[in-house]
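Notes to accompany the following structure.
Keep in mind it's a predicted model, so treat the numbers as computed, not measured.
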Amino acid sequence: MSAEPIPVVNLLLVDDREQNLVALRAILEPLGENLVSAKSGEEALRALLHQDFACILLDVQMPGLDGFDTAEVIKQRERSTSIPIIFLTAISKEEQHVFRGYSTGAVDYLFKPFDPDVLRSKVAVFIDLHRKTAEVKRQGELLRQRDVAEERRASDDRYRQLADAMPQIVWAADREGRATYYNRRWYEYTGQSVEVAGEAGWKLAVHPNDLPAAVAKRTETLASGEVFEVEYRFRAADGTYRWHLGRAVPIRGAAGAIDFWIGTATDIHDHKRTQQAQEFLLEAGELLGTSLHYIDTLEAVARAAVPSVADWASVHIVDGGQLRQVVLAHVDPQKIVFAEELQLRYPPNEQSAAAEVIRTGKSQFVNELTDERLRGNAVDELQYELIRELGVESFLCVPLTVQDRVLGAITLATAESGRRYDEIDLRFAEELGRRAATAIENARLYQVADERAQASRVLQSVADGVVLVDKEGIVRLWNPAAARITGFGIEDVIGRSIVEVVPGWEQLALRIPVAEDPGTGRAETTPVELGGRELWISGSGVELDEGVVYAFRDLTEERALERMRSDFVATVSHELRTPLAAIYGAALTIRRPDLELDAELRDHLLQVIADESDRLASIVDELLIASHLDSGRIRLAIADCDPADLVTGVVEAAGIHVPSNVQLVVEVEPELPRVRADPNQLRQVIGNLVDNAVKYSPDGGEVRVAAAANGGSVRFSVSDSGLGIPAGEQRRIFEKFYRLDPNMTRGIGGTGLGLYISSELVRRFDGRIWVDSREGEGSTFHVELPTAAHSKRKRTAVAS
C-alpha cells in the first residue's frame, strides 16, 4: 500500500522588482512547492485573502505600501497572523530598521546578497513547520469528529432505549419524510416486520379512509416545515383499528435547515370514541326532536350512525304485535340490497337478537363475532355463507324502552372498519335507545291527538272537492278544492242554497249517484257549465244524517288528454298504415308466381319497400325521441358545432329525396362562430324544418336555408313559399301531435311530432325557435343558438 502524497504548500514572494522575484523563484524552486509572486504590498494582501501560505518572503523597500506596513496589516488579520515573515533588504541595515522588522512580527531579517542555501534552509524549516501544524490540526479534527460521532452514537443509543421503553409509538424520518426508525412499540402494535415497515410502513397501517388526509397533511408540513399533527386510525396486529394522534416535529441543524423529523403516535381511541359517542348522541337528539314522524327520524338516526359509530345499523319495532324492521343502513347501497334479500330468504324469528332483546328487555353485546357463533346461529350452510358475506365482526343490540315498555330494538354492527365494541359502546347505545324510545312515544301520543283533527285537515288538503248539503239544500261545507275547481269562493257559498250556487243543479243532481253507505257508490262523469266554462266532473255522494256529502274531481284535462291520445292513435295508425300498405303490396307483387317481373320493375318494387321501410323507421324514431323528451331520459353529447357544415350536410341529405318542383337554396355567412350543441340532434332540428318546408310546399317553389351571425348568437332560418300558417294556429304548431292539416285535405301527412321535437331540443340547447308566417304566403322558421363563447353548456355528455 503506497504512502499518501505530501501536499504542496504555498510560498508568497513579494518584491517590486521582477528580477528579484525571478532570483527568488530560482532559489526556492528546488523545494518543489507552489510559489506565488506579488509585486506590491497591496497585491500580496489580495493573495492572502484567497490562499493560505507556509511562509512570506517580503521585500522591505517597495513604493506605496512598503514591507513594514504590509507586515503590520498581515499580522492584524486573524487568518494570516501566524504566517512566518522573512524580510529581505539590500539597504535598510540600520539597527532601528532591523528592530522595526522584528517588532512587526518577522521571524527573520536577511540582507542582500544572501546565501541561497541558507535561504532555502530557513524556508524549508517553515514549510516543515506548516505541514506539521496542518497535520496536528487534521488529527485534532479527526479526534473531534470521532468524539462527536461517539457521543452521537451514545446519544442515539440512549434515545433508542428511551423510545423503546415508551408506551407510545415513536418514529424518525429524514428531511424528505422517509421513515428511518420505528421503536419497539411500533412493531409490537402493528405486527410488521422490519422489512415490511420500510420507509413508508406507516401508510400500510393507517386506515384507508384516513390515509388521503394524513398524506396531504404530511406533504404540506414537509413543504412548510411546520409541526405535523393529525388524527387517524392505526391497524393493530389483530386487524382492528384504534384512533391515534400522529404528531411530528422538525429537528433543525445549526444553519436552521431541517435535518430530520421525530414523530409520535399516541393512542386516543377511548377518548375519541367517547367524543364521537357524545357528538352522535347530540346529533341524534336533534334528529329525534325535529319530527314527530318517528319512522323518518329513526331512519335519519340510523344513517347518521353509519359510519361514525357503526358500519351497519338497523331498527326493529313492535307494530300490532308483530316485529317489523323499519330501518336498515350501510354506507354501500349494494350491501343493503344484499342484506334485504337475505332477510327475505331467512325472515327474523323468535331466536333473533332483536326479538330476544325486545322480549327480555335486556341488551345483547358481542365483542367478536366468531365463526363458531355464526355457524351456531345459522339455519343452514347457505345462510351461514350469506351472513359471512356481510362481514359483521362485532355487534350490540339494545332495547327501546320507555316506562317499562319495550317498543323495539336498535342494532349496531361493525364490519369493514375492523373496530370492536366494548362496554363503553354498550352504555352509549343504551342511552341512544332510551332517547329513541322517548321520541317514538312522543310521536305516538301526538299521532293520537292529531287523528282527532285529521279529518278536517284532510278536507282542507285533498285534491277532490267535498261538499256537504243539508236536508234543506243549504251548503254547509265547501272545501278549498271545491272552490278551486268551480271558481266559487268558500265565503260566497256557505249558507246559500246549492240551487243558487250551481246552475242546473236539479238536473245535475239526478245524474250523480248517491249511496247510503260510504264506499259503495260509483262515480259518474258528466259535463257541467260553470262560470262560462265547460267542466267534466266525476262525482258521487253519500247520504248521512246531516244531509248528503258530495265528492267530485275535475277531469277536464284528462278528457282533453284522452282526446289527444285518440287523435294521436288515429294519426299514427294512418301514418303507419300507408307505408305498410305500400310494403305489403310490393312484397305480394314480387312473390306472385304467375308474374314474370323484369329487372327494372323488380328493382322499383324493392326500392318502394326500402323507402317505405325508412319512412316507418323515421316515424318510430320520432315516437321514441318524443317519449325520451317527455321522460327526461334523452342524452345530449354537447360539443362545438360548425353551423356551415351542419347546414350544408342537411341540405345535401335532403336534396336526395326532394321533389323535382322544389329547389333548395343555401345562404351561409362566411366564418360563422361555432355554437355549443349536440351536433346530431341539431342536424335533426334543421332537417325537420327543411322537411316541413318541403312538405308544406305541395306546389313546389324555393326552400331557402340560411345561417347568419346575430350578436352573441347564430340564427338558422328555413323559408318556403308554400301554404303558410293562419295567425290563430301559429301558437299551437309546436304542440305535440298538432298538425296544420289534420284531415290531410292537401295530402300532407305526418305524426305532428317534428316541430314539437325541434322545439324541445332547441330549448335544451339554451336557444329559441319561432315562426314568421302569413297564410298562403309561406313560412320562415327561425332557430337561434348562443355561440360557443357565450354558451353556458359544458363540452361533456350530459343528461337533459
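- Side-chain contact between Ser717 and Arg715 is present, with at least one heavy-atom pair separated by less than 4.5 Å.
- Among Val647, Val650, Val705, Leu689, the single residue meeting the side-chain contact (heavy atoms from CB on, under 4.5 Å) criterion with Phe716 is Val647.
- Side-chain contact between Leu328 and Trp312 is present, with at least one heavy-atom pair separated by less than 4.5 Å.
- Looking at heavy atoms from C-beta onward, Leu682 lies in side-chain contact with Leu646 at the 4.5 angstrom threshold.
- Using a distance-only test at 3.5 Å, with no hydrogens or angles considered, a donor-acceptor pair links the side chain of Arg674 to the main chain of Asp640.
- Side chain of Thr219 to backbone of Val215: a donor-acceptor contact under 3.5 angstrom is found.
- Within a 6.0 Å radius of CZ in Arg774, no more than 12 heavy atoms belonging to other residues, nucleotides or ligands are found.
- Here the shortest heavy-atom pairing between Ser721 and Gly701 reads OG-CA, 4.2 Å.
- A pairwise comparison of heavy atoms in Ser759 and Ile769 identifies CA-CG2, 3.8 Å as the closest pair.
- In this structure, the side chains of Phe781 and Val783 stay at 4.5 Å or more apart for every pair of heavy atoms.
- Rounded to the nearest 0.5 Å, atoms OG1 (Thr780) and CH2 (Trp770) are 11.0 Å apart.
- The closest donor-acceptor contact from the side chain of Gln681 to the backbone of Leu636 lies at 3.5 Å or more, if one exists at all.
- Taken to the nearest 0.5 Å, the CG atom of Leu477 stands 13.5 Å off from the OH atom of Tyr550.
- Of all the heavy atoms in Asp210 and Arg233, the pair that sits closest is OD2-NE, 2.8 Å.
- The CD atom of Glu226 sits 6.5 Å away from atom CD of Glu220, with the distance rounded to the nearest 0.5 Å.
- A donor-acceptor contact shorter than 3.5 Å is absent between the side chain of Asn688 and the backbone of Leu755.
- The shortest distance between side-chain heavy atoms of Lys217 and Phe228 falls below 4.5 Å.
- In plain terms, the two heavy atoms of Gly177 and Arg218 that are nearest each other are CA-NH2, 4.0 Å.
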Would Val501 and Trp478 count as a side-chain contact (heavy atoms from CB on, under 4.5 Å) if you check the C-alpha gap in whole Å, the side-chain angles of each, and the deciding distance to 0.1 Å? CA-CA 11 Å; Val501 175; Trp478 189 271; 4.1 Å; yes

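- With rounding to the nearest 0.5 Å, the separation of OG1 in Thr787 from CZ in Arg676 is 9.0 Å.
- Here the closest heavy-atom approach between residue Ala693 and residue Val718 is recorded as CB-CG1, 3.9 Å.
- Asp720 places no side-chain N or O within donor-acceptor distance of the main-chain N or O of Val703, the cut-off being under 3.5 Å.
- Judged by distance alone, with hydrogens and angles left aside, the side-chain atoms of Ser773 form a donor-acceptor pair with the main-chain N or O of Ile725 at under 3.5 Å.
- The heavy-atom pair separating Pro659 from Val694 by the smallest distance is CD-CG1, 3.6 Å.
- The OG atom of Ser719 lies 6.5 Å from the NE2 atom of His782; values are rounded to the nearest 0.5 Å.
- Of the inter-residue distances, the one linking Thr221 atom OG1 with Glu229 atom CD reads 11.0 Å to the nearest 0.5 angstrom.
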